[in-house]
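Worksheet for the structure shown next.
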Amino acid sequence: MNDASPTILLTGAGGQLGRELAAALSACGTLVACDRRALDIADPAAVKHVVRRTAPQFIVNAAAYTAVDRAEAERELAFAINAHAPGILAAEALRCGATLIHYSTDYVFDGTRTTPYDEDEAPHPINAYGASKLAGEQAIARSGACALTLRTSWVYGRHGQNFLLTMQRLAAQRDEIRVVADQHGVPNWTRAIAGATASLIRRGAADLARHAGLYHVSAPGETTWYEFARTILADRPVRVTPITTADYPTPARRPVYGVLDSSRFARAFGIALPGWKQMLTECLRAVEEPPPVLPVN
Ligand SMILES: NC(=O)c1ccc[n+]([C@@H]2O[C@H](COP(=O)([O-])OP(=O)(O)OC[C@H]3O[C@@H](n4cnc5c(N)ncnc54)[C@H](OP(=O)(O)O)[C@@H]3O)[C@@H](O)[C@H]2O)c1
């Protein structure tokens, strides 16, 4: 083991967060970045093979089933990827003495609160995706591995499928976009979450072992999807119209309030994400720089 230049195994490297992690973590040690083709985390034998061959000091799991609506019909698949697979990764982390960093979601909550959720608040998911992510958190906690589970919300960036890119695409096609205005939460830029993860890894495994557990990692403040859309499209000639959740029925119910209180994370690690508007401004200005994805095979 080399704490100054650890080996880091990244899963889900082709996802929106995974791509930013691949860029950020390549400066933290020897990165083995696996997209889905290189490592299907729902294949326990493949997970065991890759972890044992790589012998990492850190495993960063950005792989997930994130199709919130489809998860209602594909519950079993969502649980295989979001619940069972993190348990296997955690068991392998324990076996090889690695620290696992995993991501979860505000959708573990039912959204009935009106003030930010801290980590002690009892989760109560209201859709299959949220239930599968909660089961993943619990599998990791039960494993006994040294693990940090980072819950975040409304993730967006310059890659993949997310609200920012959807709004920009629709603005180019339509005169009016109708956006839900009664769901409250906080948008978080993939690059900021990846930067926070890199800062954690730089602290070293021994330090993280003292702080293992569950954390909320989100920007301060709060907004609605409607306000987020208006801010994204401020300089575009498109009309953004507020609608209610009832006007936009979806297969999966969404929590109407998902603001996460990140003060435990700030106290433990001295890391706080910038305000969501500042992150959005930086994201819109950021130069596209596709990070390398290095398959292990
Ligand atoms: N997106 C959000 O708004 C949001 C909000 C809160 C928390 N989170 C959490 O943040 C983390 C990162 O999410 P994200 O937004 O980056 O999602 P994403 O863009 O959908 O990325 C997930 C990646 O995982 C891959 N994947 C799916 N099944 C896999 C499997 N069996 N084995 C290996 N890779 C697999 C996907 O590949 P394919 O594309 O080929 O399926 C995709 O590249 C997740 O834990 C998610 O739950 C996300």
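- No more than 12 heavy atoms of other residues, nucleotides or ligands shown are found within 6.0 angstrom of CG on D175.
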Check step by step if side-chain contact (heavy atoms from CB on, under 4.5 Å) holds for L284 and Q168. CA-CA 11 Å; L284 293 172; Q168 290 180 327; 3.5 Å; yes
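- Formation of a donor-acceptor pair under 3.5 Å by the N162 side chain with backbone atoms of G157 is found in this model.
- Residues I101 and L273 share a single hydrophobic cluster, defined by chaining ILVMFWY side chains whose heavy atoms lie under 4.5 Å apart.
- Note: D35 CG to D40 CG = 11.0 Å, rounded to the nearest 0.5 Å.
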Run the side-chain contact (heavy atoms from CB on, under 4.5 Å) check on I81 and R36 step by step: do they pass? CA-CA 11 Å; I81 297 168; R36 189 184 193 141; 4.1 Å; yes
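- Residue H184 qualifies as enclosed at atom NE2: its count of foreign heavy atoms under 6.0 Å is above 12.
- The heavy-atom pair separating P187 from T223 by the smallest distance is CD-CG2, 3.6 Å.
- Judged as a side-chain hydrogen bond (donor to acceptor under 3.5 Å, both in side chains), and not counting sequence neighbours, R253 has no contacts.
- Side chain of R19 to main chain of H159: no donor-acceptor pair is present (N/O by atom type, distance under 3.5 Å, no hydrogens or angles).
- How far CG of D261 is from CZ of R113: 9.0 Å, rounded to the nearest 0.5 Å.
- Between the side chains of T241 and E176, at least one donor-acceptor pair of N or O atoms lies under 3.5 Å.
- By the 4.5 Å heavy-atom criterion applied to side chains, K133 and H102 are counted as neighbours.
- Side-chain polar atoms of Q278 and E282 form a donor-acceptor pair below 3.5 angstrom.
- Put simply, the side chain of P220 does not reach to within 4.5 Å of the side chain of S262, judged on heavy atoms.
- To the nearest 0.5 angstrom, R178 atom CZ is 9.0 Å from T244 atom OG1.
- Put simply, the side chain of T197 does not reach to within 4.5 Å of the side chain of L17, judged on heavy atoms.
- With sequence neighbours excluded, no residue forms a side chain to side chain contact (heavy atoms under 4.5 Å, CB included) with E76.
- To the nearest 0.5 angstrom, L164 atom CG is 6.5 Å from L280 atom CG.
- The environment of R174 atom CZ is sparse: at most 12 non-hydrogen atoms of other residues, nucleotides or ligands sit within 6.0 angstrom.
- The hydrophobic side chain of F79 is isolated, with no ILVMFWY side chain under 4.5 Å apart from it.
- The one candidate from Y117, Y107, F109 that meets the side chain to side chain contact (heavy atoms under 4.5 Å, CB included) condition with P255 is Y107.
- Between S218 and L260, the closest heavy-atom pair is CB-CB, 4.2 Å.
- Grouping the Ile, Leu, Val, Met, Phe, Trp and Tyr side chains by contacts below 4.5 angstrom, directly or via other members, places V68 apart from I126.
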Taking only distance into account, with no hydrogens and no angle test, what donor-acceptor pairs under 3.5 Å do side-chain atoms of residues 146-155 form with protein atoms, sequence neighbours excluded?
{"residue": "R151", "atom": "NE", "partner": "E137", "partner atom": "OE2", "Å": "2.7"}
{"residue": "R151", "atom": "NH1", "partner": "H216", "partner atom": "NE2", "Å": "2.9"}
{"residue": "R151", "atom": "NH2", "partner": "E137", "partner atom": "OE1", "Å": "2.8"}
{"residue": "T152", "atom": "OG1", "partner": "N188", "partner atom": "ND2", "Å": "3.4"}
{"residue": "T152", "atom": "OG1", "partner": "V217", "partner atom": "O", "Å": "2.8"}
{"residue": "S153", "atom": "OG", "partner": "V186", "partner atom": "O", "Å": "2.6"}
{"residue": "S153", "atom": "OG", "partner": "N188", "partner atom": "ND2", "Å": "3.2"}

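- Scanning both residues, A128 and A71, for their nearest heavy atoms gives CB-O, 3.5 Å.
- Applying the side chain to side chain contact (heavy atoms under 4.5 Å, CB included) criterion to A145, with sequence neighbours excluded, gives A90, A93, L94, S143.
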Do any side-chain atoms of residues 233-240 form donor-acceptor pairs under 3.5 angstrom with protein atoms, and if so which ones, sequence neighbours left out?
none

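- When every heavy atom of T66 is checked against every heavy atom of Y129, the shortest pair comes out as CA-CE1, 3.8 Å.
- The closest donor-acceptor contact from the side chain of D69 to the backbone of E72 lies at 3.5 Å or more, if one exists at all.
- Each salt bridge (Lys or Arg N to Asp or Glu O under 4.0 Å) pair with one or both residues in residues 41-51, not counting sequence neighbours, would appear here, but there are none.
- When the ring-ring contact (aromatic ring centres under 6.0 Å, His included) test is applied to F265, the partners found at least two apart in sequence or on another chain are Y215, F269.
- Residue pairs meeting the salt bridge (Lys or Arg N to Asp or Glu O under 4.0 Å) criterion with at least one member in residues 93-107: none, sequence neighbours excluded.
- There is a path of hydrophobic side-chain contacts, each under 4.5 Å, that joins I88 to Y65.
- In terms of hydrophobic clustering, with Ile, Leu, Val, Met, Phe, Trp and Tyr side chains grouped at heavy-atom distances under 4.5 Å, I193 and L208 are assigned to a common cluster.
- Side-chain contact between L31 and L21 is absent, with no heavy-atom pair separated by less than 4.5 Å.
- Taking each heavy atom of L25 and I8 in turn, the nearest pair found is O-CD1, 3.8 Å.
- Y257 pairs by the ring-ring contact (aromatic ring centres under 6.0 Å, His included) definition with nothing, not counting sequence neighbours.
- Within the model, atoms OG1 of T11 and CG of L39 stand 6.5 Å from one another, a figure rounded to the nearest 0.5 Å.
- A distance of 8.0 Å separates CH2 in W189 from CZ in R158, rounded to the nearest 0.5 Å.
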Begin with the C-alpha distance, continue with both residues' side-chain angles, and end with the deciding distance and a verdict on side-chain contact (heavy atoms from CB on, under 4.5 Å) for C283 and M279. CA-CA 6 Å; C283 174; M279 279 198 286; over 6 Å; no
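- With sequence neighbours excluded, the residues that form a ring-ring contact (aromatic ring centres under 6.0 Å, His included) with F228 are Y156, F163, W276.
- Judged as a side chain to side chain contact (heavy atoms under 4.5 Å, CB included), and not counting sequence neighbours, the contacts of Q183 are V180, W225, T245, R254.
- One hydrophobic cluster holds both V179 and I232 under the rule that ILVMFWY side chains link at heavy-atom gaps under 4.5 Å.
- Considering all non-hydrogen atoms of both residues, A83 and S132 come closest at CB-O, 3.6 Å.
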Yes or no on side-chain contact (heavy atoms from CB on, under 4.5 Å) for V32 and V50, after CA distance, side-chain angles and deciding distance? CA-CA 10 Å; V32 179; V50 170; 5.5 Å; no
